[in-house]
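Presented below is the structure to which this report refers.
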Amino acid sequence: MAVVAGASPSPHSERAPRRPAGAGRFVRMSKHVITPPGEDFPRWYQDVIQKAELADNGPVRGTMVIRPYGYAIWEQMQQAMDRRIKAAGAKNAYFPLFIPESYLTREAEHVEGFSPELAVVTHAGGKTLEEPAVVRPTSETVIGEYMAKWIQSYRDLPLLLNQWANVVRWELRPRLFLRTSEFLWQEGHTAHATEEDARLYAKHIHEEVYAPFMRNELAMPVVLGRKTARERFAGATNTLTCEGMMGDGKALQMGTSHELGQNFARAFEMDFLTESNERELAWTTSWGTSTRMVGGLIMCHGDDAGLRVPPKIAPIQVLVMVVKDGDGVGEAARGIVDELLDAGVRAELDDRDTAFGRRAVDAELKGIPVRVEVGPRDLAEGSVTIARRIAGGKTSVPLAGVAQAVADALSTDHDALYADALQRRDARMTSVTTLDEAAEAAATGWATIPWASVGPEGEAKLAESAITVRCLVLPDGSVPRSEDEDDVLAVVARAY
RNA sequence: CGGGACGUGGCGCAGCCUGGUAGCGCACCGGCUUUGGGUGCCGGGGGUCGCCGGUUCGAAUCCGGCCGUCCCGACCA
């Protein structure tokens with residue numbers, strides 16, 4: 001068996017010649033088709049999105065066309081998230097895209113936070129609307145209105161809703177997947193009888209839905225923490241966040257859960273009668289994750305050769321490639337696809353009439369975890385060649401052992417991706433004690449610094465150099481109940 | 001929205017300084033050739049040079065305005 005360097009080829013120049021399995025001679029390897037990430041990370045990100053056919057810019061500034069392969073990745077994320085959300089007890093519903101402008105203005109902080117990025121419909125049906133309709137930037141307000149209508153008694157609580165929808169926030173500086181004026185997301189909205197119940201539910205979503213999803217499906221080791229007042233959601237009393245580290249050391253907020261206190265309940269008169277027949281305002285929460293996670297996935301796992309998709313959410317886990325048709329190769333390849341599909345593996349056949357090298361590079365760009373290469377030479381030996389995108393290398397495997405080899409590969413690849421990401425994060429995380437040191441550390445990664453020595457003033461000062469407090473954590477990695485607890489640490493970094 | 005860079009076939013670029021009716025690589029189409037890592041050769045198609053206006057006999061080229069993209073900043077999932 002020959003080993004090839006698939007995982008981390010040298011940047012810039014052409015890759016060193018490699019020896020494919022079964023071939024006794026050197027072959028010319030593909031020159032890099034994308035900008036190396038170490039050379040220009042933003043450029044690399046764009047190259048990956050284009051070459052892996054994930055998305056295109058939309059015709060209106062800030063909008064995005066999600067292409068089939070990119071959308072397939074989102075669908076995988078959706079499915080996994082939806083399962084977890086339902087397991088947490090929330091039910092899906094759908095609320096309208098258009099929201100009366102007056103709803104937004106009912107919660108002072110909320111409207112203040114969102115007004116700069118609202119898209120407002122003033123004309124429709126050929127005339128000026130009596131009341132403008134806001135295109136939802138989030139649905140707290142409409143959902144609050146209806147929750148108020150549905151909740152009468154403590155017996156109606158908790159009310160746990162979720163919706164999959166598009167939302168619009170007019171962006172000044174759009175970036176595919178990370179910041180677009182329209183994006184797709186999931187927004188959960190819940191109402192509870194007590195503050196404690198609301199707090200625990202937001203925490204539950206955060207720690208038992210979001211974080212496990214990111215770790216177990218996306219293979220991303222996120223840091224869970226609490227947002228500072230400055231970074232908190234408009235109208236929330238507390239915001240929890242999952243922060244992921246990207247390949248360039250910058251942070252990306254991958255998901256947030258908010259405790260909204262009684263702010264929205266008050267604004268929408270969401271009250272209920274308690275067991276003792278007293279009127280009380282409900283306590284609400286909201287929580288969301290979006291297509292931004294696709295951007296996070298790219299920037300967390302991608303490498304010189306393109307995207308690397310974690311097996312659990314890979315739309316195509318295994319690409320079975322017909323190397324050269326004839327001698328029963330096509331039939332054998334189809335047989336392997338069927339066998340894998342039967343075993344529950346997302347497998348696809350590649351028998352395109354394009355040069356083999358091109359198809360192999362294409363699969364690498366798209367980050368397909370495993371390729372099964374079937375050619376006459378393999379079949380003559382009763383075997384196939386398995387190429388690994390994440391671990392790298394090619395192995396010859398007997399036909400009868402393909403399903404097992406694939407299963408093993410997919411499971412170890414997930415762990416390998418997670419380990420890579422964790423290693424990078426730990427390597428780039430520095431513990432410091434002064435603002436200057438924090439700023440220095442943030443040039444290449446993240447810094448942790450006692451929150452007591454930062455505070456709102458230090459936070460504002462860091463912001464001048466584009467550095468933000470991503471979240472507050474406790475030394476043991478748990479989430480502080482308040483900013484004022486002892487030993488609270490601030491995680492500071494540059495962020496997307 | 002502020003600072004910077006850039007807009008020329010689908011993508012990446014040259015041409016602009018020194019105006020004279022548009023070129024290269026990749027991609028695409030056809031043929032042959034090859035198929036175990038972006039095959040090779042031959043032949044093709046495709047661009048009102050971002051938009052609007054100005055200068056000029058003549059503008060991709062000079063001038064002004066606008067729009068867009070990317071980077072940095074303020075805002076954000």
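Letters go in sequence order (proteins before strands), and every chain restarts at 1. The basis for the numbers below is simple: all heavy atoms, side chains too, and nothing from hydrogens, waters or symmetry mates.
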Problem - Distance, C1' atom - from G25(B) to G9(B), rounded to whole angstrom - result: 13 Å
Exercise for the section: With RNA chain B as reference, determine whether Pro42(A) or Gln50(A) sits nearer its 5' end, using the nearest nucleotide of each. Expected result: Gln50(A)
Exercise for the section: Decide whether a cation-pi geometry holds between Arg169(A) and Trp185(A); the criteria are a distance under 6.0 Å from NZ or CZ to the six-membered ring centre and an angle within 45° of the ring axis. Expected result: yes
Between the protein and nucleotides 25-33 of chain B, which nitrogen or oxygen pairs come in under 3.5 angstrom?
unit_1 : atom_1 : unit_2    : atom_2 : d
A27(B) : OP1    : Arg358(A) : NH2    : 2.9

Problem - Matching residue for Asp248(A) among Tyr45(A), Trp44(A), Tyr496(A) - test: side chain to side chain donor-acceptor pair (under 3.5 Å) - result: Tyr496(A)
Mind listing the N/O atom pairs, protein and nucleotides 75-77 of chain B, below 3.5 Å?
unit_1 : atom_1 : unit_2    : atom_2 : d
A77(B) : O3'    : Gln253(A) : NE2    : 2.0
A77(B) : O3'    : Arg292(A) : NH1    : 3.3
A77(B) : N6     : Thr180(A) : N      : 3.1
A77(B) : N6     : Thr180(A) : O      : 2.7
A77(B) : N3     : Ser290(A) : OG     : 2.9

Practice task
Return yes if the base of G73(B) and the side-chain atoms of Arg494(A) contain a donor-acceptor N/O pair under 3.5 Å, otherwise no.
Solution key: no
Practice task
List the steps, then state whether side chain to side chain contact (heavy atoms under 4.5 Å, CB included) holds for His110(A) with Phe264(A).
Solution key: CA-CA 9 Å; His110(A) 191 64; Phe264(A) 287 86; 3.4 Å; yes
Exercise for the section: Can you check whether any acceptor in the base of G36(B) is under 3.5 Å from a donor in the side chain of Thr385(A), or vice versa? Expected result: yes
Problem - Between P of U34(B) and CZ of Arg359(A), the distance in whole Å - result: 17 Å
Handout entry: Out of C70(B), G37(B), C71(B), whichever nucleotide has its closest atom nearest the side chain of Arg175(A)
Key = C71(B)
Handout entry: Minimum-distance pair of heavy atoms, taken over all atoms of Val209(A) and Ala88(A)
Key = CG2-CB, 3.9 Å
Completion exercise
Contacts of Ala387(A) and Ser465(A) projected onto RNA chain B by closest heavy atom; the upstream (5') one is Ala387(A)
Handout entry: Atom P, compared across C28(B) and U39(B): separation rounded to whole Å
Key = 10 Å
Handout entry: Nucleotide of G36(B), G73(B), C71(B) approaching Glu373(A) most closely (side-chain heavy atoms)
Key = G36(B)
Exercise for the section: Measure distances between side-chain N and O atoms of Glu364(A) and base N and O atoms of G37(B), and say whether any donor-acceptor pair falls under 3.5 Å. Expected result: yes
Practice task
Tell whether Lys394(A) reaches the base of G36(B) with its side chain through a donor-acceptor pair below 3.5 angstrom.
Solution key: no
